[in-house]
Amino acid sequence: MSASPSAPGNPANVTITLPDGKAMTFTRGVTPGDVAAAIGPGLAKAALIGEVDGHEWDLFRPIEHDAKLRLITKKDPEALELIRHDAAHVLAMAVQELFPGTQVTIGPAIEDGFYYDFARAEPFTLDDLPKIEAKMHEIVKRDLPTRREVWPRDKAIAHFEGIGEHYKAELIKSIPAGEEVSIYWHGDWHDLCRGPHFATTGKIGDAFKLTKLAGAYWRGDAKNAQLQRIYGTAWRDEKELKTYLHRIEEAEKRDHRKIGRDLDLFHLQPEAQGSVFWHANGFVLYHQMETYIRRQLTKAGYIEVKTPQLMDAKFWEQSGHWGKYRENMFVVPDEIPNTADDGPIVSANASLMALKPMNCPAHVQIFNQQTRSYRDLPIRMAEFGCCHRNEPHGALHGLMRVRQMTQDDAHIFCREDQIQSETAHFVNLLYHVYKDMGFEDVVIRLATRPENFGGTIERWDAAEKALGDGLRATGHEFEIAAGEGAFYAPKLEFHLRDAIGRSWQMGTLQLDYVLPERLGATYVAEDGSRKYAVMMHRAVLGTLERFIGMLTEHYAGAFPTWLAPIQARVIPISDKVKDYANAVRAQLSNVDIAETSGSLRVDIDHSAERMQKKIRDAQLLKIPYMLVVGEREAAEGKVAVRLRSGKDLGAMALEQFIGRIKAEAETRRDLNDGPGD
RNA sequence: GCCGGAGUAGCGUAGUGGUAGCGCAACCCCUUGGUAAGGGGUAGGUCGUGAGUUCAAUUCUCACCUCCGGCACCA
């Protein structure tokens, strides 16, 4: 293959235009690799793949037409994904070399890494990972050349069936008829793949590591066979890999379950799995959040109610939960338990009740207690509703996924023409709250009709459209989550990420035409007719549990002053100032904080330890203020103020300190005193 | 629920077929100190639960429970 520029206009030639606008002529069938070599040896070495007219293109894949070409190197943003995709292939090769008979399925690049799903009768164990990793490094060292072939579908299907790769054959069957079936070879190993891939296996380098092992269902469906997934991470170089591993290590320190123990916030135990024991410190967070949200709701025109925990099964039948949601409900017999030793505890035909998994049907009952006029709408009915959901054991996760939860729930009963303004009203409220809490990075998804849906498709389509239009009007971007709606309504999901990057749904807005019809929630319209109200289910925090878990990780336990379980700790230097220290504490504890119906939360360290130790202890508890008092302070009516950042504000009059901390607590905004604060 | 891993004192950990140590925390004594660990001592464990193998099980086997990482499900 000649890479030297030749005369244009010849049908045997192609013109390649580079990003800087420079055009070069080559013999037809030139590859991006050839072009790179023609430009210079440095680029030839650095190039990973090409991009031909906007499509990713292997370095070794011929170009048959005039085209724009960009060469992608490790420095380009795409490089990481490419490295990870290639690493997935090398992982598959390594596994098949070490464990013959293992079937390959899919292996994509993901955030921070890659995975590959395998089908093998005997499960992998953790001990296999180092072996596989070593084999991967060996394959990289072999620097095997890559080759791309396009096969007819039938041949590809027959071939993969023939070698026992049934999952691959099934994948090919699902490729649309018009699309190419491309096969990539690395040495004598081959796989169905869309590509692109590097020219040799050596190009991915050695900055990868296998991280975890997991079961994963074929095509993400629990009805299918479970495959074995191996996860790995891969980077441009060792330094990036090290940085990543360090980042994960640091993030794990922010885990709310660890901080929850260290700061004595809450605990969980097997006898009440998935239900939180809030300790005094943690309950401060809970209570402060509830109070804060209650104020926001009042200002936003909500009313607050409280509804029963336990309701008859017939009620849930009517709402539709019995039919569509029963497997998530805790069912309770409505019968006095039999106390005879040999008798059954309840009879077989006991009538049933259920703990509420949601508040919505109960709110409709309140709505229905009066005849409502179109002029009454919207009615925004809030409840800090305690709900129980029988979640699968494997789903439980600290505060993030529990079985007993308190939602900052509300249902907006409104008219069709109010949907858009109510959507905007809610979204603005949500963003206001998230901003107050320090969350900027919110991902919104519109979850559409699931398989297990109630109501009619027409109603669903209408609801999905109205919700999407309403959100669009607020100007926020969102993505579609097909088939992920609740059984009764499509929903907007507002997601945040935890310390290690897992995304959790917090707030939600759901538009429901179904429940008002099932439960007869009507109002009298302008023309005197009865119309069904539209119901919007919504929560800003989602649940107090999950939100507090998220806050804990967000602040790594160093809560802003208004939330901090202990806002200040008095640290007497010696017993000589015991009385003064107690007086300081007493005075602070009596400072009322507006907006919270509470006072300052202050404690005192009377232990026999030295001051340094007391400071260290307070520091580890991430208490915002340490008030050191010795004989000097006692004499002058002062406190020596130290921040948890380590910054020493020096001695100040107690009144001055009160002014400062009160302002912080009431504005929910900490003063910044320079780096580290 | 499924796959892999783990469960030893409040927390973090060591260890062994002959019933267990260490650090921090707790408690007591000494020390009364000026911004991230003063010194000494004491107490605390049916080694997740239940079976089995064995003269003997925390250790080996099985079952179950819970937790951790994923998958599925979901706020």
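Not measured: the values here are computed from a predicted model.
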What are the atom names and distances for every N/O pair under 3.5 Å that joins the protein to nucleotides 45-48 of chain B?
none

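- Ion pairing between a basic and an acidic side chain is recognised when a charged N comes within 4.0 Å of a carboxylate O; Arg219(A) and Glu170(A) show such pairing.
- In this structure, Phe439(A) and Tyr434(A) have perpendicular ring planes: the angle between them is above 60°, well past the 30° mark.
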Mind listing the N/O atom pairs, protein and nucleotides 62-67 of chain B, below 3.5 Å?
unit_1, atom_1, unit_2, atom_2, d
rU66(B), OP1, Gln273(A), NE2, 2.2
rU66(B), OP1, His393(A), NE2, 3.4

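- In this structure, Gln228(A) and Pro123(A) approach most closely via the heavy-atom pair OE1-CA, 2.9 Å.
- Sparse packing is recorded around NZ of Lys435(A), with 12 or fewer heavy atoms of other residues, nucleotides or ligands lying under 6.0 Å away.
- If you check every strand for non-hydrogen atoms under 4.0 Å, Ala539(A) touches nothing.
- Salt bridge status for Arg294(A) with Glu290(A): present, with a side-chain N to carboxylate O gap under 4.0 Å.
- Aromatic rings of Phe118(A) and Phe99(A) (six-membered ring for Trp) have centroids beyond the 6.0 Å cut-off, not under it.
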- [ ] Take nucleotides 33-44 of chain B nucleotide by nucleotide from the 5' end and write B, S or -, depending on whether a protein heavy atom sits under 4.0 Å from the base, only from the sugar-phosphate, or from neither.
- [x] BBBBBB------
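- A heavy-atom distance below 4.5 Å is found between the side chains of Glu133(A) and Phe208(A).
- Partners of His397(A) according to the ring-ring contact (aromatic ring centres under 6.0 Å, His included) rule, which considers only residues two or more places apart in sequence or in another chain, are Trp504(A).
- Every stem involving RNA chain B, taken as at least 3 paired positions in a row under the Watson-Crick or G-U wobble test at 3.5 Å, is listed here: B:1-7 with B:65-71, B:10-13 with B:21-24, B:26-30 with B:38-42, B:48-52 with B:60-64.
- Comparing rU31(B) with rA14(B), their C1' atoms sit 33 Å apart, to the nearest whole Å.
- The main-chain N or O of Lys614(A) is never found under 3.5 Å from a side-chain atom of Glu609(A) such that the two would form a donor-acceptor pair.
- On a pure distance criterion of 3.5 Å, no polar donor-acceptor pair joins the side chain of Tyr217(A) and the base of rG70(B).
- Ion pairing between Glu252(A) and Lys258(A) fails under the 4.0 Å rule for side-chain N and carboxylate O.
- Taking the C1' atoms as reference points, rC62(B) lies 16 Å from rU54(B), given to the whole Å.
- With no hydrogens or angles considered, no side-chain donor-acceptor pair links His411(A) and Asn359(A) at under 3.5 Å.
- Taking atom C1' on both nucleotides, rC28(B) is separated from rA36(B) by 26 Å, rounded to a whole Å.
- Atom-to-atom, CD1 of Ile230(A) to P of rC71(B) comes out at 15 Å; the value is rounded to the nearest Å.
- Ring centroids of Tyr625(A) and Phe657(A) are separated by less than 6.0 Å, placing the two rings close together.
- rU49(B) sits 10 Å from rU59(B) when the P atoms are compared, rounded to a whole Å.
- Nearest heavy atom pair, residue Pro490(A) against residue Leu467(A), reads O-CD2, 3.5 Å.
- Annotation: of the two residues near RNA chain B, Pro392(A) and Tyr325(A), the 5′-most nearest-nucleotide partner is Pro392(A).
- Atom C1' of nucleotide rA26(B) and atom CG of Asp264(A) are separated by 14 Å, given to the nearest angstrom.
- Within the 4.0 angstrom heavy-atom criterion, only backbone atoms of the sugar-phosphate kind lie near Met506(A); the bases stay farther away.
- Residues satisfying the side chain to side chain donor-acceptor pair (under 3.5 Å) test with Arg569(A), not counting sequence neighbours, are Asp603(A).
- Contacts of His279(A) classified as ring-ring contact (aromatic ring centres under 6.0 Å, His included), with partners at least two apart in sequence or in another chain: His267(A).
- Applying a 4.0 Å cut-off to non-hydrogen atoms, none of the residues of residues 108-120 of chain A approaches RNA chain B.
- Summarising the geometry, atom CD1 belonging to Ile548(A) is positioned 8.5 Å from atom CG belonging to Leu563(A); distances are rounded to the nearest 0.5 Å.
- In this structure, the NE2 atom of His537(A) is 16 Å from the C1' atom of rC74(B), given to the nearest Å.
- When the C1' atom is used for both rA25(B) and rA43(B), the distance is 13 Å, rounded to whole Å.
- For Phe487(A), the ring-ring contact (aromatic ring centres under 6.0 Å, His included) criterion is met by His321(A), not counting sequence neighbours.
- One can find a donor-acceptor pair under 3.5 Å joining the base of rC73(B) and the side-chain atoms of Arg401(A).
- Using atom P as the reference point in both rA63(B) and rG4(B), the two lie 12 Å apart (nearest Å).
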Open item on the list: Base contacts versus sugar-phosphate-only contacts with protein, heavy atoms under 4.0 Å: please encode nucleotides 4-11 of chain B as B, S and - from 5' to 3'.
Closed with: SS-----S
List the atom pairs, with distances to 0.1 Å, where a side-chain N or O of residues 382-391 of chain A and a protein N or O form a donor-acceptor pair under 3.5 Å, not counting sequence neighbours.
unit_1, atom_1, unit_2, atom_2, d
Glu383(A), OE1, Thr307(A), OG1, 2.8
Glu383(A), OE1, His363(A), NE2, 2.7
Glu383(A), OE2, Thr307(A), N, 2.9
Glu383(A), OE2, Thr307(A), OG1, 3.2
Glu383(A), OE2, Lys356(A), NZ, 2.9
His388(A), NE2, Gln404(A), OE1, 3.1
Arg389(A), NE, Tyr325(A), OH, 3.4
Arg389(A), NE, Pro357(A), O, 2.9
Arg389(A), NH2, Pro357(A), O, 3.2
Asn390(A), OD1, Arg403(A), NH1, 3.0
Glu391(A), OE1, Arg401(A), NH2, 2.6

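- For the pair Arg84(A) and Phe114(A), the cation does not sit on the ring face, since its NZ or CZ is not both under 6.0 Å from the ring centre and inside 45° of the axis.
- Nucleic acid contact class of Gly220(A) (heavy atoms, under 4.0 Å, all strands): sugar-phosphate only.
- Under the ring-ring contact (aromatic ring centres under 6.0 Å, His included) criterion, Tyr167(A) pairs with Trp218(A), sequence neighbours left out.
- A gap of 31 Å separates the C1' atoms of rC60(B) and rG23(B), to the nearest Å.
- Look at the P atom in both rG5(B) and rU42(B): the space between them is 42 Å, to the nearest Å.
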